[in-house]
Amino acid sequence: MVRNDLRNIAIIAHVDHGKTTLVDAMLKQSGTFRDNQVVNERVMDSNDIERERGITILAKNTSIMYGDVKINIIDTPGHADFGGEVERILKMVDGVILLVDAAEGPMPQTRFVLQHALELGHRVIIAINKIDKPDARVNEVIDECFELLMDLNATDEQLDSPILFCSGRDGTASLDEKTLGTDLTPLFEKIVEYVPAPEGFEDEPLQILVSSIDYNEYVGRIAIGKVERGSVKVNQEVMIGDFHHTKKEYRGKIVTLYQINGLERVPAQTATVGDIVCISGIENITIGDTICDFANYEPLPFVKISEPTVEMTFSVNDSPFAGREGKFVTSRHIRERLFKELLKDVSLRVTETDSTDSFKVAGRGEMHLSILIENMRREGYELGVSTPRVLYKEIDGKLCEPIEELVVDVPENALGSVMEKMGYRKGEMVSMTPMGSRMKVVFHVPARGLFGYRNEFLTDTKGEGIMSSVFHEYQPYKGDIPRRSQGSLVAFETGEAVTYGLYNAQERGALIITAGTPVYEGMIVGMSPKSEDLVVNVCKKKHLTNTRASGSDDALRLVPPRILSLEDSLEFIADDELVEVTPKTIRLRKKTLSNSQRMKDNAKLK
């Protein structure tokens, strides 16, 4: 059976190349919204963090109608840390639209995702986006795309991919690079013409491969996947299990069945080969499971998800201010929340430690884990988070570490400082390409060498540089890389920071708190330019006397503090420090809060 009335596609691209904006334009042109309907920009970015940061974190499904053909579209994340989302949803589609920025060209994440799509044999439609940008270099970008396809051993058919020229913001596409087009009709026609229609046997036993899991308080887990074979109907008895036999197969029942129509899930009674469906009513179902016919249990193999490379320790918040803001503060709450996250995020790993109060959480990068921390914080959790650590492996008897492929796009005058910092961080230059007044340079650098580098990079390039990295491979250990050159300014006592105390402390380094901030002994209040930590008393008040000296009533001027975000905090902390995360506040602190105890411990180490 060939479903000529259906196409399943995914849109893949590097971060900020315009995937979600293009999906907006496709939804508008297909008539999904009423003419007078008020629609947000980037309507697919549904949660608060996605909207605030302008990035896609979770892969999401939508569908549009073009004539008699229903096109299921999956919008995917572009950031390398969320690559696990992309790897698994590629099993649901038959073709991909590779979106490439007309100025930046293919970037590391483009390569990473495209490789998985080519391995699965998917057809590729290349869409050069943002062709109306003043610095667009369309012809060079087309050449770079074909070089990338050749590097990834694409088949002759994949090398013969059609090319479209788009402006996602204006909702236009054309087959000619010199004309902008009037709407997205050429793109829709190319999808229907070039992406293969789903094929399968409708009358054979059912197989649905679960590629995504959603959760609802009322119905529990919702499995999302494509019907690979047969047909499914409500109240059907099924068997559930996985190909690798990590758990015993069990029986279940299809309680509700939904198909995706526009941005909504519409109840359905039946679905057949090629349909993407949402099923509730099956307990304990996870990503990678196969829903099979009750009489014919034949699970399908699932794509191998790349291993995590970075680990942090999440622990119970034991600071003096613990429990003031959060609802969920115990180790039981944190444990339940982390294991619930494992159901939806296939590239996350959680392991319990010898201590009941802490858990090791491993992910694909700092951003991957910081988004989890930010979500937990907004849900009312309090926790302490350690500095990120890379996960080492022993390969052929040698200690190996993860190496990232870093691509930087910088002005020529900033290239020297970037090269110097990369040398310090054990980075090796792979290639350098001039792009007008800018340079595009590729480095292979240890993952731990990039911790804390982003802010330095923005300073060195005066905010004009663009950097992005993706996991490359494991290589032998490169030697010691100093974690940071700065020390911390540590609070001397518990109390409230006052202007007089902060005025004296700011001579020692840059502050990260304001007057009136409650502090406790061992809390970090600033950054010292020297490598060792300094203890400062920010609660110190001015002693009153009965004599007035000239100048004593002058206002004390404080340098505006540098307020650290969650990512900044994780990048800054040293191995003996923690980030205390609560719903309203992010604080930095020493693991050992007592200043005298810390001095004794340091003396023993020396």
Side-chain angles (χ1 to χ4, degrees), residues 57-59 77 79-91 112 116 210-215 221 242-247 284-289 301-316 331-377 379 381 383-395 399-404 446-448 450-451 469-474 566-567 570 575 578-579 581:
I57 295 167
L58 303 168
H79 203 285
D81 285 19
F82 311 110
E85 288 281 316
V86 190
E87 287 171 1
R88 61 186 171 76
I89 62 90
L90 287 175
K91 293 287 280 185
F112 170 76
H116 286 281
V210 178
S211 298
S212 188
I213 291 283
D214 200 357
Y215 186 81
R221 293 188 205 182
D242 70 310
F243 185 76
H244 302 289
H245 303 293
T246 52
K247 61 183 180 184
N284 302 322
I285 194 161
T286 54
I287 291 165
D289 284 358
F302 191 60
V303 62
K304 187 178 185 299
I305 301 295
S306 304
E307 290 293 310
T309 55
V310 175
E311 181 183 74
M312 293 182 195
T313 303
F314 287 28
S315 55
V316 171
S331 60
R332 178 177 64 84
H333 286 134
I334 294 170
R335 184 182 186 281
E336 283 176 3
R337 177 65 181 81
L338 290 174
F339 280 95
K340 182 177 163 187
E341 187 69 22
L342 284 178
L343 304 177
K344 293 189 287 187
D345 193 339
V346 285
S347 46
L348 198 72
R349 301 281 182 276
V350 178
T351 48
E352 304 198 42
T353 61
D354 300 337
S355 163
T356 54
D357 288 347
S358 62
F359 306 89
K360 287 182 179 174
V361 183
R364 294 283 274 273
E366 278 179 288
M367 188 178 223
H368 184 196
L369 296 174
S370 72
I371 294 287
L372 170 60
I373 297 165
E374 184 64 40
N375 277 323
M376 290 176 70
R377 177 187 172 208
E379 291 163 20
Y381 287 83
L383 61 154
V385 186
S386 77
T387 177
R389 306 177 294 274
V390 299
L391 293 169
Y392 297 103
K393 274 186 181 178
E394 194 168 298
I395 302 171
L399 181 68
C400 294
E401 63 174 328
I403 303 293
E404 299 270 318
R448 61 200 165 96
L450 291 177
F451 292 157
S469 65
V470 67
F471 172 71
H472 176 57
E473 63 180 0
Y474 272 86
L566 178 59
E567 272 94 356
L570 292 171
D575 294 338
L578 296 173
V579 179
V581 181

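The structure displayed is predicted, hence computed values, not measured ones.
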Revision key, fill the gap. With sequence neighbours left out, the residues meeting side chain to side chain donor-acceptor pair (under 3.5 Å) with Arg221 are none
Review point. How about Val350 and Glu341: do any of their side-chain heavy atoms sit closer than 4.5 Å?
Key: no
Point to revise | pair Ser370-Leu570: side-chain heavy atoms closer than 4.5 Å | key: yes
**Study point:** Pairing residues for Asp214 by the side chain to side chain donor-acceptor pair (under 3.5 Å) criterion, not counting sequence neighbours
**Key:** Arg265
Revision key, fill the gap. For Phe302 and Val210 the tightest heavy-atom approach is CE1-O, 4.0 Å
**Study point:** Results of side chain to side chain contact (heavy atoms under 4.5 Å, CB included) for Glu379 - residues two or more places apart only
**Key:** Arg337, Asn375, Tyr381
Study note, to complete from the structure: Note: Pro308 and Gly363 closest approach over all heavy atoms is CB-O, 3.2 Å
Check your understanding: Taking side chain as C-beta onward, heavy atoms only, is Thr309 less than 4.5 Å from Leu391?
Key -> no
Review point. Can you name the residues that form a side chain to side chain contact (heavy atoms under 4.5 Å, CB included) with Arg389, not counting sequence neighbours?
Key: Glu311, Thr313, Lys360, Ser386
Exercise for review: Just jot down the side chain to side chain contact (heavy atoms under 4.5 Å, CB included) partners of Arg448, sequence neighbours excluded, or say none.
Suggested key: Val390, Tyr392, Glu401, Pro446, Phe451, Tyr477, Lys478, Ile481
Practice item. Quick one: list whatever passes side chain to side chain contact (heavy atoms under 4.5 Å, CB included) with Ser355, sequence neighbours left out. Key: Thr353, Asp357, Ser358
Check your understanding: Are His368 and Asp345 close enough that some pair of their side-chain heavy atoms sits under 4.5 Å apart?
Key -> yes
Study note, to complete from the structure: d(Glu366 CD, Leu450 CG) to nearest 0.5 Å is 8.5 Å
Exercise for review: Mind listing the closest non-hydrogen atom pair of Val310 and Gly365 along with its distance?
Suggested key: CG2-CA, 4.0 Å
